[in-house]
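Values below: all heavy atoms of this structure, side chains included; hydrogens, waters and symmetry mates excluded. A quick note: this is a predicted structure, and the numbers were derived from the prediction, not measured. A, B, ... follow the sequence lines: proteins, then strands. Residue 1 opens every chain.
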Protein chains: 2
Amino acid sequence: MPIKADLDAIDWKILRELQRDGRMTNVELSRRVGISAPPCLRRVKRLEETGIIRGYRALLNAPALGMDVVAFCLIGLHHQADAELKAFAERTRSWPIVRDAWMVSGESDFLLHCVTSDLATFQSFVIEELTSTPNVDTVRTALTIRQVKDAGLVEINALNQTQ
Amino acid sequence: MPIKADLDAIDWKILRELQRDGRMTNVELSRRVGISAPPCLRRVKRLEETGIIRGYRALLNAPALGMDVVAFCLIGLHHQADAELKAFAERTRSWPIVRDAWMVSGESDFLLHCVTSDLATFQSFVIEELTSTPNVDTVRTALTIRQVKDAGLVEINALNQTQ
DNA sequence: CCCGCTGCGCAAGAATCTTTCGCAAACACG
DNA sequence: CGTGTTTGCGAAAGATTCTTGCGCAGCGGG
(Lines give C-alpha, C1' and ligand atoms only; values in the text may rest on other atoms or scores of the structure.)
Protein backbone atom coordinates (compact mmCIF):
# COMPACT_ATOMS: atom_id res chain seq x y z
CA MET A 1 0.00 0.00 0.00
CA PRO A 2 2.65 2.59 0.86
CA ILE A 3 3.95 3.22 -2.60
CA LYS A 4 7.03 5.19 -1.59
CA ALA A 5 6.63 7.13 -4.78
CA ASP A 6 9.66 8.95 -6.01
CA LEU A 7 8.94 12.64 -5.88
CA ASP A 8 11.07 15.44 -7.15
CA ALA A 9 11.57 18.84 -5.62
CA ILE A 10 8.51 20.30 -7.31
CA ASP A 11 6.27 17.54 -6.01
CA TRP A 12 7.43 18.24 -2.48
CA LYS A 13 6.73 21.92 -2.92
CA ILE A 14 3.23 21.10 -4.15
CA LEU A 15 2.59 18.93 -1.12
CA ARG A 16 3.88 21.60 1.21
CA GLU A 17 1.70 24.29 -0.33
CA LEU A 18 -1.43 22.18 -0.42
CA GLN A 19 -0.93 21.01 3.13
CA ARG A 20 -0.76 24.68 4.08
CA ASP A 21 -3.70 25.81 1.93
CA GLY A 22 -5.65 23.06 0.29
CA ARG A 23 -7.94 25.42 -1.58
CA MET A 24 -5.26 27.34 -3.42
CA THR A 25 -6.04 27.72 -7.11
CA ASN A 26 -3.93 25.73 -9.49
CA VAL A 27 -2.66 28.93 -11.08
CA GLU A 28 -1.42 30.24 -7.75
CA LEU A 29 0.05 26.86 -6.88
CA SER A 30 1.89 26.64 -10.18
CA ARG A 31 3.30 30.11 -9.63
CA ARG A 32 4.59 29.16 -6.19
CA VAL A 33 6.27 25.96 -7.28
CA GLY A 34 7.75 27.50 -10.39
CA ILE A 35 6.09 25.69 -13.28
CA SER A 36 3.16 26.52 -15.52
CA ALA A 37 -0.39 25.56 -14.72
CA PRO A 38 -0.96 22.50 -16.91
CA PRO A 39 1.97 20.38 -15.67
CA CYS A 40 1.20 21.54 -12.16
CA LEU A 41 -2.37 20.26 -12.43
CA ARG A 42 -1.11 16.99 -13.87
CA ARG A 43 1.20 16.55 -10.90
CA VAL A 44 -1.56 17.28 -8.41
CA LYS A 45 -3.83 14.78 -10.13
CA ARG A 46 -1.09 12.18 -10.07
CA LEU A 47 -0.49 12.77 -6.36
CA GLU A 48 -4.21 12.34 -5.75
CA GLU A 49 -4.47 9.21 -7.86
CA THR A 50 -1.50 7.52 -6.26
CA GLY A 51 -3.00 8.24 -2.85
CA ILE A 52 -0.22 10.49 -1.67
CA ILE A 53 -2.84 13.18 -1.32
CA ARG A 54 -5.66 11.36 0.49
CA GLY A 55 -8.10 14.23 0.25
CA TYR A 56 -8.84 17.76 1.32
CA ARG A 57 -10.57 18.99 4.42
CA ALA A 58 -11.83 22.28 5.75
CA LEU A 59 -10.54 22.95 9.26
CA LEU A 60 -13.47 24.01 11.39
CA ASN A 61 -13.43 26.09 14.53
CA ALA A 62 -14.93 23.67 17.02
CA PRO A 63 -15.66 26.13 19.86
CA ALA A 64 -17.42 28.51 17.48
CA LEU A 65 -19.66 25.62 16.51
CA GLY A 66 -20.55 24.87 20.08
CA MET A 67 -18.09 22.04 20.56
CA ASP A 68 -16.25 23.28 23.63
CA VAL A 69 -14.81 20.06 24.97
CA VAL A 70 -11.89 18.26 23.39
CA ALA A 71 -10.46 15.28 25.20
CA PHE A 72 -8.31 12.23 24.66
CA CYS A 73 -9.09 8.79 26.06
CA LEU A 74 -6.57 6.03 26.54
CA ILE A 75 -8.30 2.68 26.52
CA GLY A 76 -6.93 -0.58 27.83
CA LEU A 77 -8.69 -3.82 26.93
CA HIS A 78 -8.82 -7.04 28.89
CA HIS A 79 -8.01 -9.19 25.88
CA GLN A 80 -6.06 -8.10 22.86
CA ALA A 81 -6.74 -10.88 20.41
CA ASP A 82 -7.11 -9.73 16.84
CA ALA A 83 -10.87 -10.17 16.77
CA GLU A 84 -11.28 -8.13 19.92
CA LEU A 85 -9.08 -5.32 18.67
CA LYS A 86 -11.08 -5.18 15.47
CA ALA A 87 -14.33 -5.21 17.40
CA PHE A 88 -13.33 -2.22 19.48
CA ALA A 89 -11.98 -0.38 16.46
CA GLU A 90 -15.31 -0.90 14.74
CA ARG A 91 -17.09 0.42 17.78
CA THR A 92 -15.10 3.66 17.79
CA ARG A 93 -16.40 4.32 14.31
CA SER A 94 -19.97 4.23 15.56
CA TRP A 95 -19.40 6.89 18.23
CA PRO A 96 -19.84 10.37 16.77
CA ILE A 97 -18.03 11.87 19.74
CA VAL A 98 -14.87 10.05 18.66
CA ARG A 99 -13.39 12.05 15.80
CA ASP A 100 -10.32 9.98 15.19
CA ALA A 101 -8.88 6.94 16.87
CA TRP A 102 -5.64 4.99 16.91
CA MET A 103 -4.67 1.50 17.87
CA VAL A 104 -1.51 1.86 19.91
CA SER A 105 1.07 -0.23 21.66
CA GLY A 106 2.27 0.62 25.11
CA GLU A 107 0.35 0.97 28.33
CA SER A 108 -2.93 1.28 26.46
CA ASP A 109 -4.49 -0.31 23.42
CA PHE A 110 -6.43 2.60 21.89
CA LEU A 111 -6.24 6.36 21.87
CA LEU A 112 -9.44 8.25 21.11
CA HIS A 113 -9.68 11.89 20.13
CA CYS A 114 -13.08 13.11 21.34
CA VAL A 115 -14.98 16.33 20.69
CA THR A 116 -18.24 17.18 22.46
CA SER A 117 -20.39 20.19 23.20
CA ASP A 118 -20.05 20.08 26.96
CA LEU A 119 -18.46 18.22 29.81
CA ALA A 120 -21.63 16.46 30.86
CA THR A 121 -21.96 14.87 27.43
CA PHE A 122 -18.38 13.73 27.55
CA GLN A 123 -18.71 12.31 31.04
CA SER A 124 -21.80 10.37 30.20
CA PHE A 125 -20.05 9.04 27.11
CA VAL A 126 -17.16 7.79 29.24
CA ILE A 127 -19.36 6.27 31.90
CA GLU A 128 -22.30 4.97 29.94
CA GLU A 129 -20.56 4.04 26.73
CA LEU A 130 -16.85 3.49 27.15
CA THR A 131 -16.56 1.83 30.52
CA SER A 132 -19.64 -0.25 29.90
CA THR A 133 -18.32 -1.59 26.63
CA PRO A 134 -17.44 -5.28 26.84
CA ASN A 135 -13.74 -6.03 27.13
CA VAL A 136 -12.84 -2.47 28.18
CA ASP A 137 -10.51 -2.61 31.15
CA THR A 138 -9.09 0.83 31.84
CA VAL A 139 -10.12 4.30 30.66
CA ARG A 140 -7.84 7.21 31.30
CA THR A 141 -8.98 10.62 30.09
CA ALA A 142 -7.10 13.84 29.44
CA LEU A 143 -9.19 16.95 28.95
CA THR A 144 -7.53 19.46 26.71
CA ILE A 145 -6.99 23.02 27.87
CA ARG A 146 -5.93 24.35 24.52
CA GLN A 147 -4.14 23.34 21.36
CA VAL A 148 -0.61 24.67 21.33
CA LYS A 149 0.47 23.45 17.90
CA ASP A 150 -1.33 22.49 14.72
CA ALA A 151 0.97 21.81 11.79
CA GLY A 152 0.05 19.53 8.95
CA LEU A 153 0.43 15.82 9.24
CA VAL A 154 3.79 15.58 7.52
CA GLU A 155 6.85 17.73 7.90
CA ILE A 156 8.01 19.15 4.58
CA ASN A 157 11.10 21.26 4.76
CA ALA A 158 13.65 22.56 2.33
CA LEU A 159 15.66 19.36 2.52
CA ASN A 160 12.95 17.41 0.76
CA GLN A 161 13.25 19.71 -2.16
CA THR A 162 16.79 18.82 -3.06
CA GLN A 163 16.07 15.26 -4.01
CA MET B 1 -13.07 34.64 20.32
CA PRO B 2 -15.58 31.82 19.94
CA ILE B 3 -18.26 33.73 18.18
CA LYS B 4 -20.98 31.12 18.47
CA ALA B 5 -22.27 32.37 15.17
CA ASP B 6 -25.85 31.58 14.38
CA LEU B 7 -25.88 29.30 11.38
CA ASP B 8 -28.86 28.10 9.44
CA ALA B 9 -29.38 24.70 7.88
CA ILE B 10 -27.59 25.68 4.68
CA ASP B 11 -24.50 26.83 6.55
CA TRP B 12 -24.29 23.52 8.34
CA LYS B 13 -24.57 21.69 5.05
CA ILE B 14 -21.75 23.80 3.63
CA LEU B 15 -19.55 23.01 6.62
CA ARG B 16 -20.31 19.33 6.34
CA GLU B 17 -19.49 19.21 2.65
CA LEU B 18 -16.30 21.21 2.95
CA GLN B 19 -15.13 19.17 5.89
CA ARG B 20 -15.62 16.13 3.70
CA ASP B 21 -14.05 17.59 0.56
CA GLY B 22 -12.40 20.94 1.00
CA ARG B 23 -11.56 21.30 -2.68
CA MET B 24 -15.06 20.95 -4.04
CA THR B 25 -15.88 23.67 -6.56
CA ASN B 26 -18.32 26.31 -5.49
CA VAL B 27 -20.72 25.26 -8.22
CA GLU B 28 -20.77 21.68 -6.98
CA LEU B 29 -21.09 22.87 -3.39
CA SER B 30 -24.00 25.15 -4.24
CA ARG B 31 -25.72 22.29 -6.01
CA ARG B 32 -25.35 20.03 -2.98
CA VAL B 33 -26.66 22.53 -0.47
CA GLY B 34 -29.52 23.62 -2.69
CA ILE B 35 -28.82 27.26 -3.51
CA SER B 36 -27.22 29.00 -6.49
CA ALA B 37 -23.52 29.70 -6.72
CA PRO B 38 -23.30 33.39 -5.77
CA PRO B 39 -25.04 33.20 -2.38
CA CYS B 40 -23.17 29.97 -1.72
CA LEU B 41 -19.84 31.68 -2.31
CA ARG B 42 -20.89 34.55 -0.07
CA ARG B 43 -21.70 32.12 2.71
CA VAL B 44 -18.38 30.33 2.38
CA LYS B 45 -16.53 33.64 2.47
CA ARG B 46 -18.45 34.69 5.55
CA LEU B 47 -17.64 31.41 7.28
CA GLU B 48 -13.98 31.96 6.46
CA GLU B 49 -13.96 35.57 7.61
CA THR B 50 -15.67 34.83 10.89
CA GLY B 51 -13.12 32.13 11.55
CA ILE B 52 -15.60 29.27 11.58
CA ILE B 53 -13.62 27.82 8.70
CA ARG B 54 -10.01 28.14 9.90
CA GLY B 55 -8.49 27.00 6.65
CA TYR B 56 -8.11 24.10 4.26
CA ARG B 57 -5.56 21.35 4.27
CA ALA B 58 -4.54 18.52 2.00
CA LEU B 59 -4.44 15.21 3.86
CA LEU B 60 -1.18 13.52 3.02
CA ASN B 61 -0.36 9.84 3.13
CA ALA B 62 2.44 9.78 5.68
CA PRO B 63 3.74 6.23 5.03
CA ALA B 64 3.91 6.88 1.29
CA LEU B 65 6.10 9.87 2.06
CA GLY B 66 8.47 7.82 4.14
CA MET B 67 7.00 8.78 7.49
CA ASP B 68 6.33 5.36 8.94
CA VAL B 69 6.22 6.10 12.63
CA VAL B 70 3.32 7.85 14.32
CA ALA B 71 3.36 8.12 18.09
CA PHE B 72 1.82 10.03 20.94
CA CYS B 73 3.74 11.32 23.92
CA LEU B 74 2.23 12.22 27.26
CA ILE B 75 4.42 14.71 29.06
CA GLY B 76 4.36 15.55 32.75
CA LEU B 77 6.22 18.60 33.98
CA HIS B 78 7.76 19.23 37.39
CA HIS B 79 6.25 22.68 37.70
CA GLN B 80 3.07 23.85 36.06
CA ALA B 81 3.25 27.60 36.57
CA ASP B 82 1.92 29.61 33.66
CA ALA B 83 5.34 30.66 32.43
CA GLU B 84 6.57 27.10 32.43
CA LEU B 85 3.56 25.82 30.55
CA LYS B 86 4.04 28.51 27.96
CA ALA B 87 7.72 27.72 27.69
CA PHE B 88 7.08 24.07 26.97
CA ALA B 89 4.29 24.90 24.54
CA GLU B 90 6.68 27.15 22.67
CA ARG B 91 9.24 24.39 22.59
CA THR B 92 6.82 21.94 20.98
CA ARG B 93 6.46 24.38 18.10
CA SER B 94 10.19 24.18 17.41
CA TRP B 95 10.22 20.40 17.08
CA PRO B 96 9.35 19.36 13.52
CA ILE B 97 8.61 15.84 14.71
CA VAL B 98 5.71 17.17 16.75
CA ARG B 99 2.86 17.77 14.34
CA ASP B 100 0.26 18.92 16.80
CA ALA B 101 0.24 19.33 20.53
CA TRP B 102 -2.27 19.89 23.30
CA MET B 103 -2.06 21.22 26.80
CA VAL B 104 -4.14 18.84 28.88
CA SER B 105 -5.33 18.36 32.41
CA GLY B 106 -5.20 14.99 34.09
CA GLU B 107 -2.26 12.77 34.78
CA SER B 108 -0.13 14.60 32.23
CA ASP B 109 0.36 18.19 31.17
CA PHE B 110 0.91 17.86 27.42
CA LEU B 111 -0.02 15.45 24.68
CA LEU B 112 2.18 15.43 21.59
CA HIS B 113 1.30 13.89 18.24
CA CYS B 114 4.58 12.88 16.61
CA VAL B 115 5.40 11.69 13.09
CA THR B 116 8.85 10.46 12.08
CA SER B 117 10.48 8.44 9.36
CA ASP B 118 11.71 5.61 11.57
CA LEU B 119 11.81 4.35 15.11
CA ALA B 120 15.39 5.31 15.72
CA THR B 121 14.64 8.94 14.96
CA PHE B 122 11.70 8.88 17.30
CA GLN B 123 13.67 7.24 20.08
CA SER B 124 16.51 9.73 19.85
CA PHE B 125 13.94 12.51 19.91
CA VAL B 126 12.45 11.16 23.13
CA ILE B 127 15.79 10.57 24.80
CA GLU B 128 17.90 13.43 23.55
CA GLU B 129 15.23 16.08 23.23
CA LEU B 130 12.19 15.40 25.35
CA THR B 131 13.61 13.89 28.51
CA SER B 132 16.53 16.27 28.49
CA THR B 133 14.29 19.31 28.27
CA PRO B 134 14.31 21.33 31.51
CA ASN B 135 11.26 20.85 33.70
CA VAL B 136 10.17 17.64 31.96
CA ASP B 137 9.31 15.07 34.58
CA THR B 138 7.62 12.08 32.95
CA VAL B 139 7.40 10.95 29.33
CA ARG B 140 5.02 8.19 28.38
CA THR B 141 4.89 7.13 24.77
CA ALA B 142 2.34 5.21 22.75
CA LEU B 143 3.40 4.00 19.34
CA THR B 144 0.51 3.76 16.94
CA ILE B 145 -0.19 0.54 15.13
CA ARG B 146 -2.75 1.98 12.78
CA GLN B 147 -5.40 4.63 12.57
CA VAL B 148 -8.84 3.12 12.96
CA LYS B 149 -10.96 6.24 12.48
CA ASP B 150 -10.40 9.58 10.79
CA ALA B 151 -13.51 11.75 10.67
CA GLY B 152 -13.41 15.51 10.49
CA LEU B 153 -12.89 17.58 13.57
CA VAL B 154 -16.55 18.37 14.18
CA GLU B 155 -19.56 16.14 13.99
CA ILE B 156 -22.19 17.52 11.63
CA ASN B 157 -25.29 15.43 11.38
CA ALA B 158 -28.80 15.91 10.09
CA LEU B 159 -29.91 17.43 13.38
CA ASN B 160 -27.82 20.51 12.83
CA GLN B 161 -29.72 21.19 9.68
CA THR B 162 -33.10 21.72 11.28
CA GLN B 163 -32.16 24.82 13.21
C1' DC C 1 22.81 8.76 -34.78
C1' DC C 2 18.14 7.79 -34.20
C1' DC C 3 14.34 6.39 -31.49
C1' DG C 4 11.23 6.31 -27.65
C1' DC C 5 10.14 8.21 -23.30
C1' DT C 6 9.15 11.86 -20.29
C1' DG C 7 7.63 16.22 -18.99
C1' DC C 8 7.27 21.22 -19.92
C1' DG C 9 4.62 25.09 -21.80
C1' DC C 10 1.66 27.47 -25.34
C1' DA C 11 -2.94 28.04 -26.93
C1' DA C 12 -7.87 27.60 -27.08
C1' DG C 13 -12.31 26.21 -25.58
C1' DA C 14 -14.97 24.94 -21.51
C1' DA C 15 -16.07 25.62 -16.90
C1' DT C 16 -15.91 28.24 -12.92
C1' DC C 17 -15.42 32.33 -10.15
C1' DT C 18 -16.84 36.84 -8.85
C1' DT C 19 -19.27 41.07 -9.07
C1' DT C 20 -23.29 43.77 -9.93
C1' DC C 21 -27.94 44.40 -9.80
C1' DG C 22 -32.96 43.68 -9.31
C1' DC C 23 -36.29 41.46 -6.62
C1' DA C 24 -38.93 39.22 -2.96
C1' DA C 25 -39.61 37.84 1.78
C1' DA C 26 -39.24 38.95 6.69
C1' DC C 27 -39.29 42.26 10.13
C1' DA C 28 -39.67 46.58 12.96
C1' DC C 29 -42.22 50.43 13.81
C1' DG C 30 -45.35 54.14 13.54
C1' DC D 1 -52.28 47.80 8.38
C1' DG D 2 -48.81 50.40 5.58
C1' DT D 3 -44.16 51.73 4.98
C1' DG D 4 -39.27 51.66 5.23
C1' DT D 5 -35.41 48.76 6.30
C1' DT D 6 -32.94 44.71 6.22
C1' DT D 7 -31.58 40.42 4.49
C1' DG D 8 -30.56 37.12 1.20
C1' DC D 9 -31.61 34.84 -3.24
C1' DG D 10 -30.69 34.38 -8.17
C1' DA D 11 -29.93 36.07 -13.10
C1' DA D 12 -26.43 38.06 -16.03
C1' DA D 13 -21.88 39.23 -17.57
C1' DG D 14 -17.01 39.77 -17.48
C1' DA D 15 -12.74 38.02 -15.47
C1' DT D 16 -10.34 34.23 -14.06
C1' DT D 17 -9.31 29.55 -13.90
C1' DC D 18 -9.56 24.86 -15.47
C1' DT D 19 -8.66 21.43 -18.83
C1' DT D 20 -7.27 19.40 -23.03
C1' DG D 21 -4.54 18.87 -27.16
C1' DC D 22 -0.34 19.49 -29.25
C1' DG D 23 4.46 20.70 -30.37
C1' DC D 24 8.99 20.76 -28.55
C1' DA D 25 13.21 19.95 -25.81
C1' DG D 26 16.03 16.95 -22.78
C1' DC D 27 17.64 12.40 -21.83
C1' DG D 28 18.96 7.40 -22.17
C1' DG D 29 19.26 3.16 -24.75
C1' DG D 30 19.84 0.66 -28.78
Kindly state which residues belonging to residues 35-43 of chain B come within less than 4.0 angstrom of DNA chain D, counting heavy atoms of the residue only, listed by number.
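Listed by number, they are B/Ile35, B/Ser36, B/Pro38, B/Pro39, B/Arg42, B/Arg43.
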Are side-chain N/O atoms of [X] and [Y] paired as donor and acceptor at under 3.5 Å?
X: B/Glu84; Y: B/Asn135; value: no
X: A/Asp109; Y: A/Gln80; value: yes
X: A/Tyr56; Y: B/Gln19; value: no

Tell me: [atom1] of [X] to [atom2] of [N], nearest whole Å?
X: B/Asp8; N: C/dA25; atom1: CG; atom2: P; result: 18 Å
X: B/Ile14; N: D/dC9; atom1: CD1; atom2: C1'; result: 13 Å
X: A/Met24; N: C/dC17; atom1: CE; atom2: P; result: 17 Å
X: A/Arg46; N: C/dT6; atom1: CZ; atom2: P; result: 12 Å
X: A/Leu29; N: C/dC8; atom1: CG; atom2: C1'; result: 16 Å
X: B/Asn26; N: D/dC18; atom1: CG; atom2: P; result: 13 Å
X: B/Asp11; N: D/dT7; atom1: CG; atom2: P; result: 15 Å
X: A/Glu28; N: D/dA15; atom1: CD; atom2: P; result: 21 Å

Would you call the rings of B/Phe72 and A/Trp102 parallel, tilted or perpendicular, taking 30° and 60° as the class edges?
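Judged by the thresholds at 30° and 60°, the geometry between B/Phe72 and A/Trp102 is perpendicular.
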Want to settle it: does A/Arg23 or A/Gly34 sit nearer the 5' end of DNA chain C, counting the closest nucleotide to each?
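Going by which nucleotide is closer to the 5' end, it is A/Gly34.
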Angle between terminal axes - the helix from C/dC1-D/dG30 to C/dG30-D/dC1, 5 pairs each end, rounded to 10°
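About 20°, once rounded to a multiple of 10°.
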Test: [X] and [Y] ion pair at under 4.0 Å:
X: A/Arg54; Y: B/Asp150; result: yes
X: B/Lys13; Y: B/Asp8; result: no
X: B/Lys45; Y: B/Glu49; result: no
X: B/Glu90; Y: B/Arg93; result: yes

So which nucleotide from D/dC18, C/dT16, C/dT18 ends up closest to the side chain of A/Thr25?
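Closest nucleotide among those given: D/dC18.
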Going by the ring-ring contact (aromatic ring centres under 6.0 Å, His included) test, name the single residue among B/Phe125, B/Phe110, B/Phe122 that passes it with B/Trp95.
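Checked B/Phe125, B/Phe110, B/Phe122 against B/Trp95; only one passes ring-ring contact (aromatic ring centres under 6.0 Å, His included): B/Phe125.
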